[in-house]
Asks: 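My structure is below; once you've seen it, I'll send some questions.
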Amino acid sequence: MTRYAPNEIEAKWQKAWDDAGLFKAVRDTSRPKYYVLEMFPYPSGRIHIGHVRNYTMGDVVARFKAANGFNVLHPMGFDAFGMPAENAAMASGGHPKEWTYNNIDDMVAQMKPMGFSLDWERMFATCDPEYYGQQQALFLDFLEAGLVYRKNAVVNWDPVDMTVLANEQVIDGKGWRSGADVERRELTQWFFKISDMAGELLDALEGLENWPAKVRLMQENWIGRSRGLQFAFSTVDAPDGHDRIEVYTTRPDTLMGASFVGISPDHPLAKVLERDNPDIAAFCAEARKGGTTAEAIEKAEKLGFDTGITCRHPFDTSLELPVYIANFILMDYGTGAIFGCPAHDERDHEFAKKYGLPIKAVFVPEGELPGDPDDFVQDAALVAPKDVEARYVLGFAGEEIQTGTQAIETAIDFCEANGVGQGVTKYRLRDWGLSRQRYWGCPIPVVHCDSCGVVPEKKENLPVQLPDDVSFDVPGNPLDRHPTWRDVPCPNCGKPAQRETDTMDTFVDSSWYFARFTAPRADTPTVMEDAEYWMNVDQYIGGIEHAILHLLYSRFFARGMQITGHLPEKSKEPFNALFTQGMVTHAIFQTRDANGRPVYHYPEDVELRDGKGFLKDGTEVEIIPSAKMSKSKNNVVDPMQIIESYGADTARWFVLSDSPPERDVEWTAAGAEAAFKHLGRVHRIVSEIAASDGDGTGDEELLREMHKAIHDVTMGIESFGFNAAIARLYGFTNTLAKSKAGAAAKKQAAKALAQLMQPMTPHLSEDLWAALGLEGLCAAADWPKADEAMLVDDVVTLPIQVNGKRRAEIDVPKDMDKAEVEKRALAHDAVQRALDGAAPKKVIVVPGRIVNVVA
RNA sequence: GCGGGCGUGAUGGAAUGGUAGACAUAUCGGACUUAAAAUCCGAAGGGCGCAAGCCCGUGUGGGUUCGAGUCCCACCGCCCGUACCA
């Protein structure tokens with residue numbers, strides 16, 4: 001009998017699959033297709049255990065569907081543009097292109113030994129000119145279709161390095177390299193008109209039944225539909241052209257509690273005022289300091305500046321509301337101006353307290369005794385849920401007692417009837433800014449001409465290729481300072497003109513790669529026959545961190561591609577089912593350098609004793625538990641060691657064991673050896689069975705267990721309960737090992753075991769398949785079917801509770817009627833003892849599950 | 001700050017509102033062995049008890065229910081996202 005030797009068998013079976021062309025996806029309209037896709041990786045250079053987990057899950061689905069008769073498309077590529085390549089070039093002087101392609105080669109070399117059922121012939125990287133050229137074609141079609149436009153938007157500006165920074169490069173409001181205070185600065189940028197589709201993208205979420213509810217909810221909140229009132233305050237003492245301030249509010253019912261008007265530092269009125277008033281200019285300059293992230297803006301201390309201008313209240317013209325410039329009001333949302341009602345909004349409340357503004361209650365909780373209503377809201381804002389009834393003491397429309405929702409609707413109706421603004425529906429979703437002032441991205445294919453303006457590049461001139469001769473020794477975009485690349489004739493008039501030097505956001509690259517996989521070498525973005533056959537993605541698998549942006553942008557892009565004729569109608573929603581797997585986390589080991597800055601240590605350099613970590617020289621390290629694996633924190637675990645020591649099947653089995661796929665897992669290497677031992681045990685058990693013959697006892701029992709295992713494992717895989725499927729396979733292996741059944745029955749059970757394990761441990765399964773003398777490849781065999789008749793037991797064990805505490809159990813025939821079950825339960829000694837002579841008040845019998853006696 | 005999620009033995013985790021801890025890891029005990037490895041068998045949430053058994057127990061505090069890890073409310077902790085990380 002041979003020993004389990006993964007390093008010998010794995011390469012052999014991979015070659016056998018290749019020779020049989022098992023994973024090559026070929027359009028075949030006579031068979032149902034299944035498209036399974038894992039979110040493609042960024043080519044960092046090393047695969048990490050999170051990748052292994054992600055691709056193993058996808059591979060289980062792909063192999064399972066193939067065994068169930070589907071024509072499977074399971075491709076892989078690389079999300080290859082982006083900042084890390086430029087950072088590497090800056091740090092070590094190489095070229096982003098070289099760095100990226102070397103990394104891709106390394107990662108492919110690490111992924112191939114895993115035995116994934118991927119069609120490698122379809123592989124591409126988004127930095128291939130063949131890919132990004134087609135992306136430029138899509139951009140031009142989107143431009144023509146009115147889905148792209150230019151406008152001003154703010155970026156993080158590093159005034160020392162004179163360059164735009166990514167949010168990630170702004171640390172505590174300072175540039176990561178220069179340490180200078182970052183400013184918000186406006187640039188003209190390209191935008192996708194995703195906000196035009198906000199309502200549609202929101203409404204369509206309802207149809208995504210096979211997406212996690214939490215992802216749909218996150219997208220719903222992100223798109224953020226709100227019904228509100230837009231109206232104008234008339235101003236007093238404002239500069240010319242600003243006699244009105246448009247505001248938008250979702251709580252028009254609180255209008256009578258308004259005590260101030262707030263405008264964004266980027267509001268047109270603020271910009272006029274700062275020109276003549278140095279104090280206002282100073283305030284606005286201060287407010288514009290720091291990064292552009294919503295988090296930074298929201299967490300900053302709320303500050304305001306009284307402009308001296310006032311507004312008249314539309315319903316009580318004796319009221320004059322001061323106009324403040326406030327640092328927490330975003331120009332991007334609504335009209336960039338609000339009215340503040342401190343009594344019913346926590347942020348406004350804080351603001352009013354700080355600047356001594358009045359706090360007037362508009363409503364009080366329903367049922368409150370009369371008193372001074374304002375007393376309710378002096379210490380904290382009263383923010384009542386919209387569906388709860390309240391008593392309006394300063395209402396101006398509708399009943400005195402009404403819910404927030406009713407009050408809002410009646411307030412809008414009243415305002416419209418009285419010519420004070422109108423009800424509008426707004427969305428929180430902003431347009432998608434795609435311009436990046438960076439080299440390593442897809443060039444935006446337009447030309448700026450002095451005579452013709454912005455001119456699209458001609459499609460026959462695509463791809464607009466990135467120049468190779470660039471350097472990264474100074475900050476800024478190398479395309480901007482390239483001596484010749486910018487200079488091109490205008491595609492329209494032929495006069496000298498300049499290329500756009502902005503490149504595209506890498507989210508654009510990942511917003512249509514799934515469609516490109518259906519025809520990866522075509523000289524158009526997609527080919528309709530292929531898209532018709534292979535789309536949609538039947539199962540998409542990736543990290544929860546992409547729940548909003550990537551998935552929302554992809555949904556937008558699919559719509560855009562449908563409008564521009566690159567995808568069929570059915571692909572508006574490109575992902576039929578989504579599964580979001582949890583992240584793999586690992587403790588961070590850190591010490592501090594002389595300046596108190598953290599120094600991170602690799603897990604393999606740290607020895608753990610009694611829950612404390614020590615370096616080789618004995619220094620104790622601080623352990624930060626459970627953080628997302630990140631290259632910059634040195635807490636990435638390399639799976640190659642496991643693959644080299646134990647083989648791919650052990651790594652695959654191990655990453656699927658124990659943890660539910662959707663949950664985060666804390667990585668420990670302790671279980672890898674145990675997984676290897678188990679596979680060795682399966683190998684030994686099945687090898688022995690293959691060599692055995694003769695009769696035994698308990699054939700029927702073993703086959704019943706086999707059918708139950710087939711049923712449970714099949715259900716486990718279909719519901720992404722891979723850990724449960726594996727636990728079931730452990731159980732079935734134990735049953736098989738202990739069984740005294742005859743050789744024929746055991747061989748039948750062993751065959752089923754090999755097949756059920758095949759999606760997880762494909763190499764081992766092929767070996768078992770061959771050892772059992774079975775024809776062909778296990779990977780090509782039809783999935784086993786459970787016999788329903790073998791799944792039900794004749795006798796069930798029922799626990800008996802008295803007052804919810806388990807006191808006994810009885811074995812009864814599975815279809816015994818309730819009255820008889822009740823009788824037997826009450827007759828039980830332990831039940832009688834628990835009742836202590838008292839008569840039961842009530843007996844609940846749940847057939848097949850439980851009996852509860854209420855004393 | 002805001003939006004979303006998670007929290008169960010020493011550890012990973014299981015459990016359509018129905019016996020909490022399946023399955024596995026680590027640990028301990030035993031068999032086999034000259035010995036070890038490998039393998040096989042067994043124990044094991046905490047407490048009390050010779051035992052039968054009893055009490056407690058799913059982050060904390062309330063609630064709904066015949067019955068709550070599961071549903072509801074509040075809180076604590078951690079994770080993800082927050083529009084230029086991918």
Side-chain angles (χ1 to χ4, degrees), chain A residues 39 41-42 44 79 81-84 155-156 164-170 189 194 212-215 217-222 224 291-300 302 328 332 346-347 428-438 505-507 509-510 543-550 552-553 580 582-583 585 625-628 630 632 657-660 662-666 668 670-671 673-675 677-678 680-681 684 721 723-724 726-731 734 737 797-801 803-809 830 833 841-844 846 848-855:
Chain A
M39 290 180 186
Y42 180 80
S44 60
D79 188 14
F81 275 134
M83 288 203 312
V155 295
N156 302 305
V164 176
L165 299 178
N167 286 336
E168 191 187 51
Q169 297 170 319
V170 179
Q189 313 228 65
I194 190 171
K214 63 179 170 187
V215 174
L217 185 58
M218 279 190 261
Q219 292 217 354
E220 186 183 323
N221 290 335
W222 184 260
T292 57
T293 65
E295 186 190 357
I297 293 166
E298 291 275 346
K299 277 188 177 168
K302 314 278 178 290
F328 56 86
D332 287 321
E346 274 162 24
R347 194 172 58 183
R428 206 186 72 100
L429 180 67
R430 308 199 298 255
D431 277 334
W432 170 13
L434 68 121
S435 296
R436 297 292 180 270
Q437 294 70 43
R438 272 187 272 281
D505 177 11
T506 56
F507 273 124
D509 311 338
S510 55
I544 185 68
E545 67 270 29
H546 295 293
I548 296 174
L549 293 181
H550 162 62
L552 189 61
Y553 291 158
T580 53
M583 279 169 311
T585 61
S626 202
K628 175 180 165 180
S630 158
S632 60
S657 303
D658 295 345
S659 289
E662 69 278 9
R663 206 186 294 183
D664 290 351
V665 285
E666 169 74 14
T668 58
E673 194 184 340
K677 277 187 194 170
H678 176 73
R681 181 165 178 250
R684 194 173 54 252
N723 57 323
I726 282 184
R728 196 63 187 77
L729 286 165
Y730 269 108
N734 289 337
T797 302
L798 289 185
I800 303 167
Q801 295 182 334
N803 290 332
K805 285 184 193 295
R806 192 187 69 88
R807 297 296 174 185
E809 54 184 43
R833 220 180 310 134
K841 286 199 188 109
K842 193 171 167 189
V843 179
I844 291 140
V846 183
R849 307 274 354 176
I850 205 167
V851 179
N852 192 11
V853 180
V854 184

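Here is the naming used below: chain letters follow the sequence lines, and residue numbers restart at 1 for every chain.
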Asks: Between the side chain of A:Asn156 and the main-chain N/O of A:Leu165, is any donor-acceptor distance below 3.5 Å?
Replies: yes
Asks: Are side-chain N/O atoms of A:Arg681 and A:Asn734 paired as donor and acceptor at under 3.5 Å?
Replies: yes
Asks: Does the structure show a Watson-Crick or G-U wobble partner for B:rG7, both distances under 3.5 Å? Name it, or say none.
Replies: B:rC76
Asks: Under 4.0 Å from OP1 or OP2 of B:rA24: is there any side-chain N or O of A:Asn734 that close?
Replies: yes
Asks: Provide the distance between the two P atoms, one in B:rU39 and one in B:rA26, to the nearest whole Å.
Replies: 11 Å
Asks: Indicate, yes or no, whether a donor-acceptor pair under 3.5 Å links the base of B:rC84 to the side chain of A:Arg438.
Replies: yes
Asks: Side-chain N or O of A:Asn167 versus OP1/OP2 of B:rA83: is the shortest distance under 4.0 Å?
Replies: yes
Asks: Quick test: give all pairs of protein nitrogen or oxygen and nucleotides 56-59 of chain B nitrogen or oxygen below 3.5 Å, distance rounded to 0.1 Å.
Replies:
residue	atom	partner	partner atom	Å
B:rC56	OP2	A:Lys805	NZ	3.4

Asks: Would one find a side-chain N or O of A:Thr506 under 4.0 angstrom from OP1 or OP2 of B:rA86?
Replies: yes
Asks: From the set B:rG5, B:rC23, B:rU25, return the single nucleotide nearest to any side-chain atom of A:Ala674.
Replies: B:rU25
Asks: Side chain of A:Met83, heavy atoms from C-beta onward: which of B:rU82, B:rG12, B:rC85 has the nearest atom to it?
Replies: B:rC85
Asks: For A:Arg347 and B:rC2, is the shortest distance between a side-chain N/O and OP1 or OP2 below 4.0 Å?
Replies: no
Asks: Between B:rU8 and B:rG21, how many Å separate the two C1' atoms, rounded to a whole number?
Replies: 8 Å
Asks: Does A:Arg663 place a side-chain N or O at less than 4.0 Å from the phosphate oxygens OP1/OP2 of B:rC6?
Replies: no
Asks: Taking the C1' atom of each, how far is B:rC80 from B:rA20, in whole Å?
Replies: 29 Å
Asks: It should be established whether A:Asn723 places a side-chain nitrogen or oxygen under 4.0 Å from OP1 or OP2 of nucleotide B:rA14.
Replies: yes
Asks: Look at the side chain of A:Ala166 and decide which nucleotide, out of B:rA38, B:rC85, B:rG3, has an atom nearest to it.
Replies: B:rC85
Asks: Can a donor-acceptor pair be found, under 3.5 Å and without considering hydrogens, that links the side chain of A:Gln169 to the backbone of A:Ala166?
Replies: yes
Asks: Establish, from distance only, whether the side-chain atoms of A:Glu809 and A:Gln801 form a donor-acceptor pair under 3.5 Å.
Replies: no
Asks: Between A:Asn167 and A:Thr292, is there a side-chain donor-acceptor contact under 3.5 Å, judged purely by atom types and distance?
Replies: yes
Asks: A:Asp431: what forms a side chain to side chain donor-acceptor pair (under 3.5 Å) with it, not counting sequence neighbours?
Replies: A:Tyr149, A:Ser195
Asks: I'd like to know if the side chain of A:Thr506 and the backbone of A:Asp509 have a donor-acceptor N/O pair within less than 3.5 Å.
Replies: no
Asks: Respond yes when some side-chain nitrogen or oxygen of A:Arg684 is under 4.0 Å from OP1 or OP2 of B:rC40, and no when none is.
Replies: yes
Asks: Of the nucleotides B:rA83, B:rC84, B:rG1, which one has an atom closest to the side chain of A:Glu298?
Replies: B:rG1
Asks: At what distance, to the nearest 0.5 angstrom, does CZ of A:Phe507 lie from CG of A:Leu552?
Replies: 10.5 Å
Asks: Is there a Watson-Crick or G-U wobble partner for B:rG57 with both distances under 3.5 Å, and which nucleotide is it?
Replies: none
Asks: On a plain distance test, is the side chain of A:Gln437 in donor-acceptor contact with the base of B:rC84 below 3.5 Å?
Replies: yes
Asks: From C-beta outward on A:Ile544, which listed nucleotide comes closest to its side chain: B:rC80, B:rA83, B:rC66?
Replies: B:rC80
Asks: Please give the nucleotide sitting opposite B:rG12 as a Watson-Crick or G-U wobble pair, both distances under 3.5 Å, or none.
Replies: B:rC23
Asks: Any side-chain to backbone donor/acceptor pair from A:Asn852 onto A:Gly804? Under 3.5 Å, distance only.
Replies: yes
Asks: Given the P atoms of B:rG67 and B:rA14, what is the spacing between them in whole Å?
Replies: 27 Å
Asks: Taking the side chain of A:Glu295 as heavy atoms from C-beta outward, which of B:rC55, B:rU82, B:rG4 is closest to it?
Replies: B:rU82
Asks: Between protein and nucleotides 17-20 of chain B, what N or O pairs are separated by less than 3.5 Å?
Replies:
residue	atom	partner	partner atom	Å
B:rG18	N2	A:Asn852	ND2	3.4
B:rU19	O2	A:Glu809	OE1	3.4
B:rU19	N3	A:Glu809	OE1	3.3

Asks: I'd like to know if A:Asp658 reaches the base of B:rG12 with its side chain such that a donor and an acceptor end up less than 3.5 angstrom apart.
Replies: yes
Asks: Taking B:rC78 as the reference, what is the distance to B:rC84 when you measure between their P atoms (whole Å, please)?
Replies: 28 Å
Asks: Could you work out which one of B:rU82, B:rC40, B:rC80 sits closest to the side chain of A:Glu545?
Replies: B:rC80
Asks: Please report the distance separating the C1' of B:rC2 from the corresponding atom of B:rG18, rounded so that it comes out in whole Å.
Replies: 39 Å
Asks: How should the glycosidic conformation of B:rG46 be described, syn or anti, under the criterion that syn lies within 90° of 0?
Replies: anti
